[in-house]
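Read through the structure below, which is laid out as structure tokens, and then see the notes.
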Amino acid sequence: QVQLMESGGGSVQAGRSLRLSCALSGLAAGPYCMAWFRQAPGKERERIAQISGDDINTYADAVNLRFRISRDRERNTLLLEMTDLKPEDTAMYYCALAHSGGYYCLGYSYWGRGTRITVSP
């Protein structure tokens with residue numbers, strides 16, 4: 001069975017860096033899209049970074065140039081490198097998996113439980 005599990009969240013001061021990891025297990029042969037989402041209190045969940053089945057990375061404007069998504073196939077891990085963290089980055093962060101149509105992703109149907117990031121001013 002497909003399972004995703006996030007780790008690496010915590011509390012940091014603004015301007016610091018942090019790395020999130022998502023351990024993947026139970027995957028059959030791809031291709032897959034993989035993404036990071038986040039949800040702040042009282043806000044809708046939003047996708048902030050994605051790797052398509054063609055290995056094209058896309059980012060939400062709020063995190064573009066600060067965050068970088070990547071996958072380590074040898075370790076079956078999805079990563080999110082975050083720099084210059086801001087208080088508005090405070091949220092629960094989730095990794096997710098979707099079946100891929102190449103550049104396009106066909107809906108995220110597998111989710112981790114989330115890890116919390118709090119960024120202090």
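Cluster membership for L78 and M82, using ILVMFWY side-chain heavy atoms within less than 4.5 angstrom, is shared. Hydrophobic clustering (side-chain heavy atoms under 4.5 Å, transitive across Ile, Leu, Val, Met, Phe, Trp, Tyr) keeps L97 apart from M92.
The minimum heavy-atom distance between V2 and L27, with the atom names listed, is CG1-CD2, 3.8 Å. The two residues G53 and S100 have their closest heavy-atom pair at CA-OG, 3.1 Å. In terms of heavy atoms, L80 sits closest to Y93 at CD2-CD2, 4.4 Å.
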Which donor-acceptor pairs under 3.5 Å do the side chains of residues 43-52 make with protein atoms, sequence neighbours left out?
residue: E46; atom: OE2; partner: R38; partner atom: NE; Å: 3.1
residue: R47; atom: NE; partner: Q50; partner atom: OE1; Å: 3.4
residue: Q50; atom: OE1; partner: Y108; partner atom: OH; Å: 2.7
residue: S52; atom: OG; partner: D54; partner atom: N; Å: 3.2
residue: S52; atom: OG; partner: I56; partner atom: N; Å: 3.2

Exercise answer: donor-acceptor pairs, residues 28-36 side-chain atoms, under 3.5 Å, sequence neighbours excluded:
residue: Y32; atom: OH; partner: A28; partner atom: N; Å: 3.4
residue: Y32; atom: OH; partner: A28; partner atom: O; Å: 3.0
residue: W36; atom: NE1; partner: L79; partner atom: O; Å: 3.2

Donor-acceptor pairs are to be reported for all side-chain atoms of residues 114-121 against protein atoms at under 3.5 Å, with residues two or more places apart or in another chain.
residue: T115; atom: OG1; partner: G9; partner atom: N; Å: 3.2

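With sequence neighbours excluded, no residue satisfies side-chain hydrogen bond (donor to acceptor under 3.5 Å, both in side chains) with N64. Under the side-chain hydrogen bond (donor to acceptor under 3.5 Å, both in side chains) criterion, D61 pairs with no residue, sequence neighbours left out. For R68, the side-chain hydrogen bond (donor to acceptor under 3.5 Å, both in side chains) criterion is met by no residue, not counting sequence neighbours.
Distance check: R19 CZ to S70 OG gives 8.5 Å after rounding to the nearest 0.5 Å. Distance check: L18 CG to S11 OG gives 9.5 Å after rounding to the nearest 0.5 Å. Atoms SG and CZ, from C95 and R113 in turn, are 12.0 Å apart once rounded to the nearest 0.5 Å. Here the CG-CG distance, from L4 to N76, works out to 11.0 Å after rounding to the nearest 0.5 Å.
Between R66 and D89 the shortest side-chain heavy-atom distance falls below 4.5 Å. Contact annotation: the side chain of F67 approaches that of L85 to within less than 4.5 Å [non-hydrogen atoms, C-beta and beyond].
By the 4.0 Å N-to-carboxylate-O rule, D55 lies close enough to R73 to be salt-bridged with it.
Using cut-offs of 30° and 60° for the angle between ring planes, the W111 and F37 rings count as tilted.
Side chain of Q39 to main chain of A91: no donor-acceptor pair is present (N/O by atom type, distance under 3.5 Å, no hydrogens or angles).
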Given side-chain contact (heavy atoms from CB on, under 4.5 Å), test Y59 with I69 step by step and report yes or no.
CA-CA 9 Å; Y59 300 93; I69 188 171; 3.5 Å; yes
